[in-house]
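Comments concern the structure below.
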Amino acid sequence: MSDISRWEELFLQGRLDELSAAAMDLTRTHFGDSVFLRGLLEYSNHCSSNCLYCGIRRDNSRVERYRLDDRMIYAAVDSGFSRGLRTFVLQGGEDPEFGTDRMCRIVREIKKRTGGMAAVTLSCGILSREDYAALKSAGADRYLLRFETSDPELHRNLRDGVSLERRLKALDDLRNLGFQTGSGFMVGLPGEDDELVLRNIRLARELELDMIGIGPFIPHPQTPLAESPQVPLEKTLLATAMLRITCPKAHIPATTAAGSLEPDGRERMLRCGANVLMPNISPVEVKPHYMLYPGKICLDEDGLHCIGCLAGRVALVGRKLDFDRADGRVIHERAGAKESASV
Ligand code: SAH
Ligand code: SF4
């Protein structure tokens, strides 16, 4: 039995203690006590897509829609930068008003204002290879695009007809263009069993990702999946530990969805191998409208307050905040391997 299938066996048996102990050994080996920060900026909740699971899907007419103007984006970046953040994640719905030219301008301006010291991560959904290439040339460093589920049929059903193949092609484009690439999945989508979670973990490993974002699926009452059952956080914790064991060098955030499902959800993910936190630095007045799932936490706090709160939370689990921009490690190894193969 291979090493990985032994861990998979423990996953299927729900043996969280053994899995998290092994995951924490690896986390300490590769990242010490550090928990890295990414400032999350939710620039628009308009979306032309209609994913069945998502609270800001196109057909949810009860959402109060907003777009940040460029000035508000820069103000949030400036205050995050002055507080020490060195990565900014710009996330939004698939919003045609934020076309590639505008996004390129925003990326260039963030790079300029931060003296090139901050990494820019984009999470704007599926775009053409040409668009991704333009964003890379403008200075974007990283891209987050979860594959959501590795089951092609479930993917097509939940993503309103968009195929898994298309999503994976986008990830391939991003990687080939030199982005530090992040992907991941939700845990507990309707129709998912433990074997499928394992297939998701295997796919994340095959993709050689720099960042792997997972979180519990939380049914949103204004979506077609409103009546789906809530899967307990434990499944996400087991998957987190498995990801650390199988992809030891990837950055794995303790996600807000976990903290929204259980008050100590993020701390529990940190104890299972997560090594990143993403304080939400969006303006307080728009936060309640970026409701991908219900019960989202930290809606009243500004991002700078969140950093103080997170420092206390990581200390409770014996770790410390690290303000390094913490680039992806996998991409560099891949580049190194290519170089040594060509000598
Ligand atoms: N539009 C972009 C980015 C915004 S959505 C995109 O789709 O890639 C960011 C992530 O939120 C999604 O990848 C999905 O995994 C997560 N998400 C959406 N609805 C959710 C829900 N109901 N519960 C938990 N996570 C959800
Ligand atoms: Fe739009 Fe992303 Fe939500 Fe899908 S998950 S509806 S693409 S914001």
Inset, instruction - May I ask you to say whether R175 pairs ionically with D172, meaning some side-chain N is under 4.0 Å from a carboxylate O? - result: yes
Legend entry - Exam field: side chain D69 to backbone M72, donor-acceptor pair closer than 3.5 Å: yes
Inset, instruction - Mark yes or no: R113 above the aromatic ring of F81, with NZ or CZ under 6.0 Å from the six-membered ring centre and no more than 45 degrees from the axis. - result: no
Legend entry - Ring-face cation of R102 near F98 (centre distance under 6.0 Å, axis angle within 45°): yes
Would [X] and [Y] count as having a side-chain donor-acceptor pair, cut-off 3.5 Å?
X    : Y    : value
Q180 : D141 : no
D151 : T149 : no
S48  : E94  : no
E285 : Y66  : no

Quiz: residues 253-263 side-chain donor-acceptor pairs under 3.5 angstrom, not counting sequence neighbours:
| from | atom 1 | to | atom 2 | distance (Å) |
| --- | --- | --- | --- | --- |
| T255 | OG1 | I214 | O | 2.8 |
| S260 | OG | T256 | O | 2.8 |
| S260 | OG | I297 | N | 3.3 |

Inset, instruction - Please assess L164 against F147 for the test side chain to side chain contact (heavy atoms under 4.5 Å, CB included), listing each intermediate value before the final yes or no. - result: CA-CA 7 Å; L164 176 64; F147 56 77; 4.2 Å; yes
Inset, instruction - Would you sort out whether H220 and Y53 count as a ring pair (Phe, Tyr, Trp, His ring centres under 6.0 Å), showing the intermediate values? - result: CA-CA 7 Å; H220 191 297; Y53 42 80; over 10 Å; no
How would you list all residue pairs meeting salt bridge (Lys or Arg N to Asp or Glu O under 4.0 Å) that involve [range], not counting sequence neighbours?
range            : result
residues 219-232 : none
residues 203-217 : E208-R334
residues 289-302 : E42-K296
residues 232-257 : D194-K235, E234-R268, K249-E333

Inset, instruction - Quick one: do Y132 and Y143 satisfy ring pair (Phe, Tyr, Trp, His ring centres under 6.0 Å)? Show the steps, please. - result: CA-CA 9 Å; Y132 287 148; Y143 205 99; 5.0 Å; yes
Inset, instruction - Just jot down the salt bridge (charged side-chain N to carboxylate O under 4.0 Å, His left out) partners of K287, sequence neighbours excluded, or say none. - result: none
Legend entry - Partner of C272 under side chain to side chain contact (heavy atoms under 4.5 Å, CB included), chosen from T27, T236, L238, T240: T240
